Structures are given as structure tokens and as C-alpha cells.
2 protein chains.
Amino acid sequence: MRPNNYFIEYIRSAGLCPTRQRIALAKLLFQGDDRHVTAEELYNEALSEKMKVSLATVYNTLHQFTEAGMLREISVDTNRSYFDTNTRKHHHFYFEKDGKLGDIPDGMISIGKLPEAPNGTKIKCIDVVVTITDSNNDY
Amino acid sequence: MRPNNYFIEYIRSAGLCPTRQRIALAKLLFQGDDRHVTAEELYNEALSEKMKVSLATVYNTLHQFTEAGMLREISVDTNRSYFDTNTRKHHHFYFEKDGKLGDIPDGMISIGKLPEAPNGTKIKCIDVVVTITDSNNDY
DNA sequence: GTCAATGTTTAGAATAGTTCTAAATTACAT
DNA sequence: ATGTAATTTAGAACTATTCTAAACATTGAC
């Protein structure tokens with residue numbers, strides 16, 4: 001169980017004010033194991049822990065944490081954004097049925113040599129998503 | 001320039017009625033080189049060619065074509081869906097600045113061995129997206 | 001501690017992309 | 001040609017997200 005101070009320092013070192021809401025959300029996000037959450041999920045979790053926070057703040061905070069490099073945003077489903085507390089290099093399983101993400105450790109997937117990025121541009125990131133379905137879902 | 005008949009047959013062989021709208025949209029999609037389109041883009045293109053088609057039909061058709069294996073849907077950006085006329089195995093560049101997709105030919109990227117899919121499930125697809133930004137967009 | 005200045009949060013409205021609905025139209029087998 | 005089933009449509013509805021501007025909290029100077 002990390003002390004409150006840990007989160008306050010973490011937030012401050014990212015260049016953000018450690019407000020009540022940001023501290024509370026950081027606790028939910030970074031207290032335990034790595035997580036993959038949607039804004040709505042995190043908001044509901046906050047509500048069910050009786051935290052006083054608005055949905056708008058959850059969105060703002062997730063984006064600010066992402067900007068600050070504390071989270072990584074992942075596009076697997078066009079309907080919602082996922083945020084990953086693991087910002088190390090790794091890739092994802094996407095379990096289509098229940099809309100959940102899982103990590104694929106780095107090393108499991110290796111990318112061969114890529115074409116150069118056009119002049120004036122650079123590669124920002126490489127995302128691999130392995131989508132998993134029910135095996136009886138044949139076509 | 002492929003004949004009208006080509007598209008009619010293509011649509012029919014996918015198990016769909018070759019309606020005026022589906023034929024027109026198939027022409028836009030499959031007439032020339034491989035394309036990556038959003039629903040809105042295809043709709044505007046149809047409008048500017050004076051086709052009489054509704055946005056709802058564009059959405060329906062894109063999904064039906066996808067179901068039928070004529071298109072592949074790609075999630076790169078949580079705000080919109082992209083549809084790719086190239087259904088062969090390959091991966092994508094995503095040019096963040098202008099929201100455009102580009103193909104990475106198969107062979108450029110190789111995936112090492114993956115963990116087994118859990119029992120009762122299987123791998124549906126593997127998508128690699130290489131996101132490209134402006135190089136002056138540093139952080 | 002108090003205060004002012006600045007940054008943050010909030011509820012609710014607004015927006016964007018997409019899906020739904022039910023009425024009108026079209027396709028096609030007979 | 002006709003009837004039935006499939007398709008299309010306009011517009012409403014919906015969902016995730018962002019915006020707005022007023023209320024509130026945090027910080028640093030005193």
C-alpha cells in the first residue's frame with residue numbers, strides 16, 4: 001500500500017498540481033498491478049469508492065496523465081479509448097467478447113526493418129494488437 | 001475501367017443484392033488502387049459525384065462489405081472507423097497529422113511466436129500500426 | 001495564517017461519429 | 001406485372017467525448 005505522498009510526488013514530478021481528484025485517480029490507477037481502463041470504467045470505480053469527482057475531470061486527468069507520460073492511450077476499438085498504466089514497450093491482446101485488454105510482454109513480438117519515415121516526420125509509436133474471438137465464432 | 005457487370009457480380013458473389021447504391025459505392029471503392037476510407041469520406045465522394053445515397057446507407061454498405069470479406073475495418077483512431085479495400089495480410093502506417101493511412105507490405109513486419117489463445121478462443125487478427133508524427137513535434 | 005492570482009473542477013450543454021426506426025422504395029421470383 | 005422480402009432513407013436517438021463559463025481549490029508572497 002503506497003503512501004499518499006507517493007502519489008503526490010508522482011503527480012508533482014509530472015508537472016501537475018496534486019489536487020484531491022488527481023491524487024484519488026492516481027491511487028486507483030497506480031496502486032496495484034498494471035491496468036487497462038476506459039474513462040467510464042475509472043469513473044464508475046471512483047463513484048463506487050464514494051469519491052467526489054466528475055466524469056469531465058476523469059477525462060481531463062486521463063489526458064493530462066497521458067501527456068505527462070504516466071499513461072499510454074490505446075486504440076483497439078473505435079467506440080472507446082483505453083488507457084494503459086504500463087508505459088513500457090509492449091503490445092496487446094484484445095478480447096473482443098468482453099472488451100478487455102491484456103499485455104503481450106516485449107520480446108514476444110519483434111518488428112523487422114521498416115521503411116523510413118518520410119522527410120520531416122518520425123515514427124511516434126508501434127502498436128500491435130492481437131484480437132481474440134470465441135473459436136465458435138466462425139465464418 | 002472495369003465494367004458495371006464486374007461490380008454486380010462481385011456484390012452478388014458476396015451474397016448481397018446488387019442495388020444501385022451498393023454498385024455505385026463498390027465502384028468508388030474497388031475501381032482503382034487500394035484505398036483506406038472513412039464513412040464520411042466515402043459519403044462526400046459519392047455526393048460530389050452526384051450519386052443519390054444516404055449516409056446511413058454508406059454505413060450499412062461498409063459494414064455489409066466488411067462482413068462479406070470485401071473490406072477490412074481498421075482501428076487507429078478512436079474518433080472514426082477506417083475501411084481498407086486491401087483484405088490481404090498487411091499492416092499500416094498512420095499519419096497522425098492528416099489522419100491518413102498507408103500500407104506496410106507483408107514481409108516488412110514479422111511477428112514472433114505468440115502465447116496460445118486461451119481455451120475456447122482463437123486469434124482473429126493481428127494488426128500492426130506504425131504511427132508517424134511531425135519530427136518537430138517533440139516532447 | 002491571509003490574500004490574490006492562477007489553475008482546476010464541475011454540471012450541463014454541445015459535438016461528432018455512428019446506429020436505430022419505421023415509412024417509403026426497390027429488387028426479383030413467380 | 002405482382003407480391004413479398006430486402007433495401008434505403010430522413011431524421012431521431014445514442015454514445016463517447018469535449019467544451020464552456022461559473023464555482024472552487026491550490027500555491028506562493030507576504
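Residue numbers start from 1 in every chain, and the chains themselves are labelled A, B, ... in the order their sequence lines are given, proteins ahead of strands. Predicted model only: the values in this text are computed from it and were never measured.
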Relative to each other, are the rings of Phe93(A) and Phe95(A) parallel, tilted or perpendicular (30° and 60° limits)? tilted
What is the ring orientation for Phe30(B) with Phe65(B), classed by angle as parallel under 30°, tilted 30 to 60°, or perpendicular over 60°? tilted
Let me test you: for the helix from dG1(C)-dC30(D) to dT30(C)-dA1(D), what is the angle between the axes at its two ends (five pairs each), rounded to 10 degrees? 30°
With a 4.0 Å cut-off on N to O distance, would you call Arg80(A) and Glu40(A) a salt bridge? no
Between Ile132(B) and Glu96(B), does the side-chain contact (heavy atoms from CB on, under 4.5 Å) criterion hold? Intermediate values first, please. CA-CA 6 Å; Ile132(B) 306 287; Glu96(B) 215 172 34; over 6 Å; no
Look at Arg2(A) together with Glu9(A) and state whether they make a salt bridge at an N to O cut-off of under 4.0 Å. no
Side-chain ion pair, Arg35(A) and Glu45(A), N-O less than 4.0 Å: yes
Without decimals, in angstroms, what is the distance between Leu47(B) CG and dA10(D) P? 10 Å
Nucleotide dT27(D), atom P - distance to CG of Leu16(A) in whole Å: 12 Å
Where is the tightest heavy-atom contact between Ala117(B) and Ile123(B), given as atom of each residue plus distance? CB-N, 4.2 Å
I need a per-nucleotide contact map over nucleotides 15-29 of chain C, read 5' to 3'. Cutoff is protein heavy atoms under 4.0 Å; write B for the base, S for backbone only, - otherwise. --SBBB------SS-
Gap between atoms CD and C1', on Gln64(A) and dT18(D) respectively (whole Å): 13 Å
Whether Ser54(A) contacts dT9(C) is assessed here as follows: a side-chain N or O lying under 4.0 Å from the phosphate OP1 or OP2. Is that the case? no
Aromatic ring pairing His92(B)/His36(B), orientation class (parallel under 30°, perpendicular over 60°, tilted between): perpendicular
Whole angstroms only, please: what is the CD1-C1' distance between Ile23(A) and dT9(C)? 14 Å
Atom OH of Tyr43(A) to atom P of dT18(D): distance rounded to whole Å? 16 Å
